[in-house]
Amino acid sequence: MFEEILQNVAAKAPLVHCITNYVTVNDCANILLACGGSPIMADDENEVEEITSICNALVLNIGTLNTRTIESMRRAGLRANALGHPVVFDPVGAGASALRTGTAQSLLRDVRFCVVRGNSSEIRTLARGAGTTRGVDADAADAATEQTLDDAVLFVKTFSRQTGAVVAMTGAIDLVGDAETCYIIRNGCPEMGKITGTGCMLTAVTAAWCAANPDHPLDAAAAAVAAMGLCGELAHARAQAAGGGTGTLRMALIDAMSRLDAETLNRGIRIESR
Amino acid sequence: MFEEILQNVAAKAPLVHCITNYVTVNDCANILLACGGSPIMADDENEVEEITSICNALVLNIGTLNTRTIESMRRAGLRANALGHPVVFDPVGAGASALRTGTAQSLLRDVRFCVVRGNSSEIRTLARGAGTTRGVDADAADAATEQTLDDAVLFVKTFSRQTGAVVAMTGAIDLVGDAETCYIIRNGCPEMGKITGTGCMLTAVTAAWCAANPDHPLDAAAAAVAAMGLCGELAHARAQAAGGGTGTLRMALIDAMSRLDAETLNRGIRIESR
Amino acid sequence: MFEEILQNVAAKAPLVHCITNYVTVNDCANILLACGGSPIMADDENEVEEITSICNALVLNIGTLNTRTIESMRRAGLRANALGHPVVFDPVGAGASALRTGTAQSLLRDVRFCVVRGNSSEIRTLARGAGTTRGVDADAADAATEQTLDDAVLFVKTFSRQTGAVVAMTGAIDLVGDAETCYIIRNGCPEMGKITGTGCMLTAVTAAWCAANPDHPLDAAAAAVAAMGLCGELAHARAQAAGGGTGTLRMALIDAMSRLDAETLNRGIRIESR
C-alpha cells in the first residue's frame, strides 16, 4: 500500500499552500520539500484564493492565528473546497483560548476538511466543543493509551463520521481513522516531543501525500503519520549515536524524511487496524 | 546553588508564553524545550491574556514589534503581573528607532518585570531614556570591559533599583544584578555573535528558569546567563572539532542546552559577585 | 576581482535591513552573519525609515507580503534611495497572484533597485508585466538553458537597461548582468532546490556584498551568486559524505558560507561573461 502512495507523491510533486504559524513555518517548508512536495506560504486575504488555486492542497494551521489570518484561512478553505483540493486542518492549541477554540469550530463548520490532524486534547476539544489543553501540548487525561484504546478508536470513528474528515489524533499511540476503519500506529519516540513543530510538519506532509493520492485520504494520512514517526525513530537513533541532542534530532528528522523510501517505510512501520 | 535551580526546572517544566520576533522564534521554542520548559507563542490581543493565564512565565521581545503586537504585549504583561507570573523583557534594538525606544520605555512603565535582559546598548538606552544602538548589536562604547567593570556593576545595581527588575546586561562580560548583588559572568565566546538569536534564546531560558524558581530570580537569571554562555563554549568546541561553521554552531548550541546537567554547569561556570 | 570584494565585506561588515518573509527569515539572518554582514529585521511602517537610515543596505522580499508590510517596503525603499543605500529586490512568487505581480511592479516603479534577484519566472513576469509562476518555483519554460542562452543574455541586458538595476536571474544556469555585460555562472547543484530559502539567502548576501562594494554592484552581485552556488556544492558534497539529507544540507550551506575565503571562491567559481 505505501509503495504506491510514495510513488504517487514522487510522480506528482504536489504544491501545498500553507497558512501556518510563524514558529515552525521554516520546518514545514523544508519537510514538504523533503517528503516530495513543494511549499508556498501566503496569508494575505487579497491573494490566498488565487494562490490556493494554483496549488494541489491547502494546510490551515492556527498556531499563531490572528484576526487578519483567520479570514484568510476561511477564504482559502472555501476556494480549495470549490476546487476539490484536499484541505488539512491543524487546530494547534484548540482549548487553550476562546479565540482558538472558536476559530477552530468555525473553520470546521465552514470548510470541508480532508484530514483533521491534532493531539488528543485538540481533537477532543473540537469534538466536545470545549476542552482543557496545556498550551500546545496534550493533556495526559486525553491521550490514547493501551488501556483506553477501544474507546479512543470509537471516538475517532465517531468524530470522523460527524465531520466527514479523516481524523489523525497523534500522541504516544497514533490513531488515524475514518468512519469505518481506524489505524493504530505505534511509530515515533518520546524524544520527538523535545523539538518544536513535529505536529505541524506532520500536518504539512499529510497534505502533500493526500494531494498525490486523492482517492485514498485515509491510507495517505496513515502513511504520513507512520512515516513521520519512523523518521523520528531514525533521527533519534542517529542523534544518540552522534552524541547529539535536540538540535541534531531536528536536523536528522528532516534528513530521514528526505531519504525515506518505500522499503524503509514498509520495514519500519508498526500499524494495525480496528 | 545551580543544582537546585536545575532540579526545580526539571520538576516543574514551566510553560512559557512568548510574544517574540519572527526571526528567532523557532530557536526560542527549541531552546525552551531543550532547557526543560515548554513554549507557547500567541500574539493576538484577543487571546494573549487567556494564554498567559495558563502559563508560568511570559517573555516580551520587541525584535519585530508592530502596532498590533505592542498592544498584545501590554495586555499580556498586565495580566501576568496580576497573576504573579514572572515577566522577562528583551528590548531588542531599543535605541535603534523611536518606536522601539518608546515602546520599551512604555512597557517598562506599565509592566513590572522580573528580569530585563539585553545587550549593553539596549540596557543603557532604557536607563538614560535615549541611546545609540548599532542595529540589534551593541555599541562598543557601551560594553562592560575589565577597565569599566566597577562602573558597569554600579550601573546595573542602580538600574535594578529604579526598575525593581533583575538586570541582565550581556556581552563579552555578562552582568546580572539586583539592587544589592551583581554577578559577573565570563562564560561564552565571540563566535556566538555569528549566529542570530543567542540573546533571544537566553531571554526565553531565563523566563523558564525564573518560573521554576520564583523566590530566586537573581540566581535563576544568573544561572541561565552562565548556562547559555557555557553551552556556546561547548558548541563552539564541537563545531571546531567537526570542521563546521556557524550552521553547526547553531545546532550544537541547542544540543548542548538539551544535554546540560548541574555537574557540567558547576564545573564550567566562571562567576563572581560584587 | 573576488578577493577585493571579500576584503571590502570583511572590512565594512555591512548592516542590512531586511523586510522579508517569515518562512526563511532566520536563514537570511544567519547567512548574513556568515557572509560577513549583520542583519536587522524591522517591518513596521512607523520605524522602517529610521531603521534603514542606520543600515548600509536594504532587502525587499515579498515572499509573505501583506497589506501592512507592502507600505513599509515602499517607505523603506524610498528612504534608502534618498540616502544612496543599495536596495535589493526579491520578487518571490511574482506571477503567482495579482497581489504579488502588482506589488512587484509598483515597487519597481517607485524604488530604484541596485539589484533585482529572482528565478526566471519571477524576472520574466516583471519584464513582460504578466507571467506564469508555479508557486515560488520557476516554470521550466522560462529557464535559461544552454540552448536558449544567447536569448537569455539579451533578455537580462535589456531588462537591466529598462530598470537601471543589475539583474540576477538564477536557476540551473545563473545570469547576472547590467546593460553592457552579463556573467554566466555555472555553480550550484540541483539539490539546493530541496531546501527552502536558497534564493532568499542569496538576495540577502547580495545586499551585504553590494553595500561593501558600492562602485561595483555587478561584480558584487555576481560574486554573491557564484559564492552561494559554490557553497551549495560544498554543502552537498559534505551532506553526501556524511550520509545526511536535506537537513544536513541546510546546515552545511551556512557552514560553507561562514568558512568561505577568496581562495576557495576563486578556485571553485565557474563564470564567463558575454
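Letters A, B, ... mirror the listed sequences (proteins, then strands); counts begin at 1. Since this is a predicted model, take the numbers as computed values, not measurements.
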Checklist entry - Are any of the side-chain heavy atoms of B/Val111 and B/Phe89 separated by less than 4.5 Å? => result no
Checklist entry - Does atom CD of B/Glu3 have more than 12 heavy-atom neighbours, drawn from other residues, nucleotides or ligands, at distances under 6.0 Å? => result no
Checklist entry - Is it the side chain or the backbone of A/Asp27 that comes within 4.5 Å of chain B heavy atoms, both, or neither? => result side chain
Checklist entry - Using a cut-off of under 4.5 Å for heavy-atom pairs, which of A/Ile195, A/Asn26, A/Thr64 has the most such pairs with chain B? => result A/Ile195
Checklist entry - So which of A/Thr203, A/Thr206, A/Asn119 actually passes side-chain hydrogen bond (donor to acceptor under 3.5 Å, both in side chains) with A/Asp90? => result A/Thr203
Item to check | Sidechain N-carboxylate O distance under 4.0 Å for B/Glu233, B/Arg270 | outcome: yes
Item to check | For chain A, which residues of residues 236-257 of chain B have heavy atoms nearer than 4.5 angstrom | outcome: B/Arg238, B/Arg250, B/Met251, B/Ile254, B/Asp255
Checklist entry - Hey, are A/Asp142 and A/Arg128 close enough for a salt bridge, meaning a charged N less than 4.0 Å from a carboxylate O? => result yes
Next on the checklist: Heavy-atom count check: over 12 atoms from other residues, nucleotides or ligands less than 6.0 Å from B/Arg112 CZ?
Outcome noted: no
Next on the checklist: Restricting to non-hydrogen atoms, name the atom on B/Pro217 and the atom on B/Cys210 that form the minimum distance, rounded to 0.1 Å.
Outcome noted: O-SG, 3.9 Å
Item to check | Residues of residues 16-25 of chain A within contact distance of chain B, non-hydrogen under 4.5 Å | outcome: A/Tyr22, A/Val23, A/Thr24
Checklist entry - Quick one: do the B/Glu50 and A/Ser97 side chains pair a donor with an acceptor below 3.5 Å? => result no
Next on the checklist: With a 6.0 Å cut-off (strictly less than), is the heavy-atom count around CD of B/Glu4, excluding the residue itself, greater than 12?
Outcome noted: no
Checklist entry - Do A/Thr148 and A/Thr145 meet the criterion of a side-chain donor-acceptor pair at a distance under 3.5 Å? => result yes
